[in-house]
J.: 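Can you keep this structure in mind? I'll have questions shortly.
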Number of protein chains: 2
Amino acid sequence: MPDCAHMISAPLRALSNSKRLTILRWLRDPTSHFPPQRDGDLVVDGVCVGFITKKIGLSQPAVTEHMQILADAGLVSSKKIRNWVFYKLDDEQVRTFLAALSETLEIPKPR
Amino acid sequence: MPDCAHMISAPLRALSNSKRLTILRWLRDPTSHFPPQRDGDLVVDGVCVGFITKKIGLSQPAVTEHMQILADAGLVSSKKIRNWVFYKLDDEQVRTFLAALSETLEIPKPR
DNA sequence: ATCCTATATAGGAAATATCTTATATGCCTG
DNA sequence: CAGGCATATAAGATATTTCCTATATAGGAT
């Protein structure tokens with residue numbers, strides 16, 4: 001396995017902001033935090049920017065930027081449907097990141 | 001279990017800086033990255049500020065600040081011996097943090 | 001006491017992050 | 001095509017982070 005240091009930097013920076021961490025917690029379990037959507041399923045498609053904006057109380061451009069940072073880090077994926085953009089936690093990538101972080105921080109196994 | 005959100009924010013901010021992440025990787029396995037110390041064992045006591053400063057190529061005050069951020073986040077512990085200060089990865093707290101982060105990011109189990 | 005070494009603190013400069021308002025783009029409806 | 005809605009981009013203000021130099025503190029040796 002190659003040195004995966006740079007692979008965890010972007011997610012760590014993305015997670016270092018408390019607003020983004022809050023959003024990720026919402027996306028982890030969207031039906032508990034958002035009302036049903038007409039044009040896209042909360043779980044299947046993700047949560048639209050407008051819902052996140054309303055709930056977090058920031059301007060819409062600020063939320064867009066936060067979501068792009070999360071997407072660039074690979075922690076969420078986005079899907080455009082009509083003129084909505086739905087963001088969804090990327091379970092696979094989250095697990096990969098968590099594994100890489102453990103690998104980076106935990107004491108190396110003796111051999 | 002209480003909401004442990006704020007418990008992971010400080011470590012995440014501490015980890016979001018690449019210099020600090022590099023230092024943590026060194027501290028994870030100090031004997032592979034630093035020469036033996038006269039007045040404190042690399043593994044038992046930790047690594048002194050001077051060694052880290054020399055290796056990372058920043059000013060000593062910058063390193064001191066980085067180490068304080070890591071210590072405030074609970075990721076490292078410090079031990080003063082004579083006029084040295086040794087920093088050491090806190091395995092227990094690192095594991096606690098990793099578990100809390102997984103708890104925060106992973107899909108809640110159905111029940 | 002004086003000097004040398006190791007680390008911490010103070011102050012401030014420069015870079016980066018966060019956020020807002022204004023505007024652009026793109027899709028849908030009538 | 002005109003208008004409305006959802007999101008993205010642009011520009012810039014403010015806040016925070018990162019880093020340096022200068023200085024303080026503290027222990028050990030001469």
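Per chain, numbering begins at 1; letters A, B, ... match sequence-line order. Computed from a prediction, not measured in an experiment: that's the story for all the values here. Only heavy atoms go into these numbers, but all of them, side chains included; no hydrogens, no water, no symmetry mates.
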J.: Output all residues satisfying side chain to side chain contact (heavy atoms under 4.5 Å, CB included) with S18(A), sequence neighbours left out; order by chain, then residue number.
T.: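 Once residues adjacent in sequence are excluded, S18(A) has no partner under the side chain to side chain contact (heavy atoms under 4.5 Å, CB included) criterion.
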
J.: Run through the side-chain heavy atoms of Ile, Leu, Val, Met, Phe, Trp and Tyr, join any pair under 4.5 Å, and report what else lands in F86(B)'s cluster.
T.: I81(B), W84(B)

J.: Just jot down the salt bridge (charged side-chain N to carboxylate O under 4.0 Å, His left out) partners of D45(A), sequence neighbours excluded, or say none.
T.: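 For D45(A) the salt bridge (charged side-chain N to carboxylate O under 4.0 Å, His left out) partners, ignoring immediate neighbours, are K79(A).
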
J.: When you measure from every atom of DNA chain D, which of residues 67-84 of chain A have a heavy atom less than 4.0 Å away?
T.: Q68(A), N83(A), W84(A)

J.: Does dA6(D) have its OP1 or OP2 closer than 4.0 Å to a side-chain nitrogen or oxygen of Y87(A)?
T.: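 It does not, given that no N or O in the side chain of Y87(A) lies less than 4.0 Å from OP1 or OP2 of dA6(D).
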
J.: For residues 50-58 of chain B, run the donor-acceptor check on the side chains, cut-off 3.5 Å, and write out each pair with its distance to 0.1 Å, sequence neighbours left out.
T.:
{"residue": "T53(B)", "atom": "OG1", "partner": "V49(B)", "partner atom": "O", "Å": "2.8"}
{"residue": "K55(B)", "atom": "NZ", "partner": "H33(B)", "partner atom": "O", "Å": "3.2"}

J.: It should be established whether T64(B) places a side-chain nitrogen or oxygen under 4.0 Å from OP1 or OP2 of nucleotide dA8(C).
T.: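 Affirmative; the distance criterion is met.
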
J.: Which pairs would a plain distance check flag for residues 35-44 of chain A, meaning a side-chain donor or acceptor within less than 3.5 Å of a matching protein atom at least two apart in sequence or in another chain?
T.:
{"residue": "Q37(A)", "atom": "OE1", "partner": "C48(A)", "partner atom": "N", "Å": "2.9"}
{"residue": "Q37(A)", "atom": "NE2", "partner": "G40(A)", "partner atom": "O", "Å": "2.8"}
{"residue": "Q37(A)", "atom": "NE2", "partner": "G46(A)", "partner atom": "O", "Å": "3.0"}
{"residue": "D41(A)", "atom": "OD2", "partner": "V43(A)", "partner atom": "N", "Å": "2.9"}
{"residue": "D41(A)", "atom": "OD2", "partner": "V44(A)", "partner atom": "N", "Å": "2.8"}

J.: Considering only residues two or more places apart or on different chains, which pairs with a residue in residues 59-73 of chain B satisfy side-chain hydrogen bond (donor to acceptor under 3.5 Å, both in side chains)?
T.: R20(B)-H66(B), Q60(B)-T64(B)

J.: Nearest whole Å is fine: how far is dA17(C) P from L15(A) CG?
T.: 15 Å

J.: Please give me every residue in residues 47-55 of chain A whose heavy atoms get under 4.0 Å of an atom in DNA chain D, ordered by residue number.
T.: C48(A), V49(A), G50(A)

J.: Give the rounded distance in Å between these two atoms: CZ of R38(B) and C1' of dA29(D).
T.: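 For the pair R38(B) CZ and dA29(D) C1', the rounded distance is 13 Å.
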
J.: Within less than 4.0 Å of OP1 or OP2 of dT16(C), is there a side-chain N or O belonging to R13(A)?
T.: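 Answer no for this pair, as no side-chain N or O of R13(A) is under 4.0 Å from OP1 or OP2.
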
J.: Using a cut-off of 4.0 Å between protein heavy atoms and nucleotide atoms, how would you tag nucleotides 19-24 of chain C 5' to 3' with B, S and -?
T.: BBBB--

J.: Please identify each residue that fulfils side chain to side chain contact (heavy atoms under 4.5 Å, CB included) with D91(B), with sequence neighbours left out.
T.: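 Applying side chain to side chain contact (heavy atoms under 4.5 Å, CB included) to D91(B) gives I107(A), L89(B), R95(B).
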
J.: Counting C-beta onward and ignoring hydrogens, is there a side-chain heavy-atom pair between I8(A) and L15(B) closer than 4.5 Å?
T.: no

J.: Considering non-hydrogen atoms only, spot the tightest contact between R28(A) and P108(B) and give its length.
T.: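 Looking at all heavy atoms of both residues, the closest pair is O-CD, 3.5 Å.
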
J.: Could you list the cluster mates of I69(B)? Members are the ILVMFWY residues connected by side-chain heavy atoms closer than 4.5 Å, either directly or through other members.
T.: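 None; I69(B) is a cluster of one.
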
J.: In whole angstrom, give the distance that lies between atom CG of D45(A) and atom C1' of dA6(D).
T.: 16 Å

J.: With sugar-phosphate meaning primed atoms plus P, OP1 and OP2, does F86(A) contact a base, only sugar-phosphate, or nothing at under 4.0 Å between heavy atoms?
T.: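 Contact class for F86(A): none.
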
J.: For S78(B), enumerate each residue passing the side chain to side chain contact (heavy atoms under 4.5 Å, CB included) test, keeping only those at least two apart in sequence or located in another chain.
T.: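 Partners of S78(B) under the side chain to side chain contact (heavy atoms under 4.5 Å, CB included) test: V85(B), Y87(B).
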
